[in-house]
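Reviewing the structure listed below.
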Amino acid sequence: MIANNFTYFIKETFTIYKTNKLSTILSLISLSMIFFISILIISGWGISREFVNLLKNEAAISVYYEPNLNSYSLEALSSTILSIDGVTHIIDVSADESYTQMEAILGSEAKILKQFDENPFVPYLEVSVQLEDAKMIGEAIREIEHVDYVRDNQTVLDKISQISIIIGSIGLLMTVAVVVATVLITSHIIREGVHSNEAQINTLQLLGAPDLFIHLPFWISGVLISFIAGVFALAMTFVVQFNLSSGGDRILPFLPDFTELFSFDKVIISVILCSILIGATSSWFGLRMVKRK
Amino acid sequence: MINSQDCSLTYKDGTDALKPFCLKIDKGEVVVILGASGSGKTSFLKLLLGIEKPTTGSLEVLGNQMSSMSTTQIRKLRMHIGPIFQDFRLIEGRTVLDNVLLGIRFLEIPKRERTELTLTSVERVGIQHKLNQVVDYLSWGERQRVAIARALARKPNLIIADEPTGNLDHDNAINVLNLLSNLAGPETTVIITTHAAHLIDEIPFTQIITIKEGLMEVKKSDRK
Ligand SMILES: Nc1ncnc2c1ncn2[C@@H]1O[C@H](COP(=O)(O)OP(=O)(O)O)[C@@H](O)[C@H]1O
Ligand SMILES: [Mg+2]
């Protein structure tokens, strides 16, 4: 029955658009905007997550040991620390290296270091750890012999933890908001279409047409409008991204640079799939209000 | 074909539209339902189409018990019925051709037979010269012919026509009644409602059923 009436269904779909011209155009515009904004939000979210992950992996604890420790004991200390769960690796930072690091940090102000006759820095171990285990590992290291002092930047680590949770929740919230808005708009267009075609639907029911036959054009109209909105949103994203990146500094730095990044077929495919999927679900949702007679 | 035992219809608001009636209509009959306006003619046709369900008693249409049918089953039954509604229920904004086609698209009729079937039925009712005209601008009589063509193209086992003589003068009314009763055949039963008592002698009917305030009565029967 579907294959037999393929052209009919397509024609009906466009008749539905024609009879609801204004609402079709308005829905198309709002859906395109929603998709466009969600592309921005989701790519921004992805980039921030990557950033937080980077920070997470960089979480480090500085371990200061007894100054007169011989190299044999130092090695033993290192391997004890390395055996703690959650420790990824250890760098042995000598006093000279500490000095150089501080010089780099201070930049042009580094000349104040020249005030010291002797190197004021002491050697330490830089222990890289998994963020979640930082607190526990810090405590464990404090208990080890020859350890003088442990600096674990707990407040900074806690902040990073909080930020990652906040970014995660915001992203989730935004995604939910986008999906809900899209479903509401699309199912509303379907409803509107159904409403203005009530007489025809009623007649077809009286003639014995199955629901699939009656509903399909409306369903197609919902899927198609969502799909076209997805394509428009992609076009807008590319226009914005190309215009901004050609000027040197990108105004939306969190967006992947499409000019370099050729994995944008991934972006295209996911946006198109999502728009079709959302359109299909919401159309189905909107059609559930048709009274069966 | 159609069989009822003490079937009655009371609407939700309490209106007693049809008092308990017993009927038997066979394949190929031409049945005229005669009654004044408001007597319950349309209500009876609504029962046949499954738009309303019997309040009491039983009603069998084309082998289906109407009181115990799901919506999907009712739709399937309707595929075998060719209804000509009092207000025709054409699809506005579409051509004559589209209207007739739309009545058969979802039936089990091969695609290549559709066009032929449409053209034959349009010719049979004499509206072929308006084939590509939008139905909105047709006269009442022309719209009626489109409705008949749509019903006919469906190759139905049961044709029901609600007050087809409504707006017509005497001669045209007789023409339409003859057209409809001629649609009856070995596989097709025709049921026509009317309030015009003076016209019925002109129709080759098999049964005349009168309705008075919901009370049905078989008046004349030529059934063999
Ligand atoms: N949906 C309905 N709800 C309540 N009463 C109705 C409904 N449809 C028809 N009626 C009433 O049922 C009676 C029979 O109506 P109907 O079958 O339309 O008569 P006819 O077709 O013979 O003119 C009338 O009194 C009418 O007002
Ligand atoms: Mg009536």
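Just so we're on the same page: letters track the sequence lines, and every chain starts at 1.
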Between A:T203 and B:R150 the two heavy atoms that sit nearest each other are CG2-NH1, 3.8 Å

A quick test of your reading: do over 12 heavy atoms of other residues, nucleotides or ligands sit less than 6.0 Å from NZ of B:K19? yes

Any side-chain heavy-atom pair from A:L204 and B:F106 closer than 4.5 angstrom? yes

Of B:L101, B:T72, B:I74, B:I81, the largest count of non-hydrogen pairs under 4.5 angstrom with chain A goes to B:T72

Would you say that A:P210 contacts B:M79 through its side chain, given a criterion of any heavy-atom pair below 4.5 Å between the two side chains? yes

Could you look at B:I91 and say if it's the side chain, the backbone, both or neither that has a heavy atom under 4.5 Å from chain A? side chain

Has A:D85 got more than 12 heavy atoms of other residues, nucleotides or ligands less than 6.0 Å from its CG? no

For the residue pair B:R89 and A:L207, establish whether any side-chain heavy-atom pair is separated by less than 4.5 Å. no

Let me know if B:L49 has heavy atoms under 4.5 Å from chain A in its side chain, its backbone, both or neither. side chain

Looking at B:F85, I'd like to know if its CZ atom is crowded, meaning that more than 12 non-hydrogen atoms belonging to other residues, nucleotides or ligands lie closer than 6.0 Å. yes

Let me know if B:L102 has heavy atoms under 4.5 Å from chain A in its side chain, its backbone, both or neither. both

Which bit of A:L206 comes within less than 4.5 Å of chain B, counting heavy atoms only: side chain, backbone, both or neither? both

Backbone N or O of A:N5 within a donor-acceptor pair of the B:R105 side chain at under 3.5 Å? no

More than 12 heavy atoms of other groups within 6.0 Å of B:E116 CD: no

At a heavy-atom separation under 4.5 Å, does A:I201 approach chain B through its side chain, its backbone, both, or neither? neither

Quick check on B:K76: does its NZ atom have over 12 non-hydrogen neighbours (other residues, nucleotides or ligands) under 6.0 Å away? no

Give a yes or no on whether A:F213 atom CZ has more than 12 heavy-atom contacts from other residues, nucleotides or ligands under 6.0 Å away. yes

With a 4.5 angstrom heavy-atom cut-off, which part of A:T15 approaches chain B: side chain, backbone, both or neither? side chain

Could you look at A:A209 and say if it's the side chain, the backbone, both or neither that has a heavy atom under 4.5 Å from chain B? both

I'd like to check B:E92 versus A:Q200 (side-chain heavy atoms, cut-off strictly below 4.5 Å). Are they in contact? no

More than 12 heavy atoms of other residues, nucleotides or ligands under 6.0 Å from NE2 of B:H129: is that the case? yes

Is it the case that over 12 heavy atoms from other parts of the model lie below 6.0 angstrom from the CE atom of A:M236? yes

Per-residue contact mode, A:D211 against chain B (heavy atom under 4.5 angstrom): both

